[in-house]
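These notes are about the structure you will find just below.
Because only heavy atoms are used, hydrogens play no part in the values below, and waters and symmetry mates are left out as well, while side chains stay in. The structure displayed is predicted, hence computed values, not measured ones.
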Amino acid sequence: MTIFTEKAWMQVSFNKILKKDFELVLPYLEKLHKPVPEKEILKERLLEMFDQNYECFGIYKADKLVGVFGLWFMTRHYAGRSCEVDHIFIEEELQGTGIGRKLFEFIEAYITSKGCETLELNSYVENFRSHKFYMNLGFVIRGYHFLKKL
């Protein structure tokens, strides 16, 4: 499924990235981490993700990869058939240009076609800009995401 923006200069498409092309995603995942895990660890984790209920997509502007995101599919007792968006990254110079809004229009249409009833995501506590963006899209904050490293 591909969605194009209204402005010809900003043609954007969202295309699935297959497991065999996983290396396209690694540079974007590295940009999301502080500190950056070893490349081999990211590679192992990403390859394992492809074997689970996970789909990966590239964000393309005029056929150039400018970002990535992942989708996790599951059924939750409180939400029914659900999708959780993961590791959204759009090149910084393209943020605020409407790509994010088009991205979520694509995601909602795509996951609805797969029978999902709800859409979920996590955002880092200090990422205030994204919080405002997500709330403007209709998301509500329902809790905290806790993590314990073992």
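- Between Phe89 and Tyr28, the ring-plane angle classifies as tilted under the 30° and 60° cut-offs.
- Applying the 6.0 Å contact sphere to CD of Glu38 captures no more than 12 heavy atoms from other residues, nucleotides or ligands.
- Taking the six-membered ring for Trp and the full ring otherwise, Phe139 and Phe133 have centroids separated by 6.0 Å or more.
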Below 3.5 Å, can you tabulate the donor-acceptor pairs from side chains in residues 143-150 to any protein atom, sequence neighbours excluded?
none

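- To the nearest 0.5 angstrom, Leu32 atom CG is 9.5 Å from Leu42 atom CG.
- Aromatic ring pairs are classed by plane angle as parallel below 30°, tilted from 30° to 60° and perpendicular above 60°; the pair Phe106 and Phe57 is perpendicular.
- Rounding to the nearest 0.5 Å places CD1 of Ile107 at 8.5 Å from CG of Leu121.
- Between Tyr110 and Phe14, the ring centre distance reaches or exceeds 6.0 Å.
- Closest of all the heavy-atom pairs between Arg129 and Gln95 is NH1-OE1, 3.3 Å.
- Annotation: Glu92, atom CD; neighbour count of heavy atoms from other residues, nucleotides and ligands within 6.0 Å does not exceed 12.
- Among the candidates Thr112, Leu71, Asn53, the single residue satisfying the side-chain contact (heavy atoms from CB on, under 4.5 Å) test with Cys83 is Leu71.
- No hydrogens or angles considered: nothing links the side chains of Gln11 and Asp63 as a donor-acceptor pair under 3.5 Å.
- Glu126 contributes atom CD, which lies 7.5 Å from atom NE2 of His131 (distance to the nearest 0.5 angstrom).
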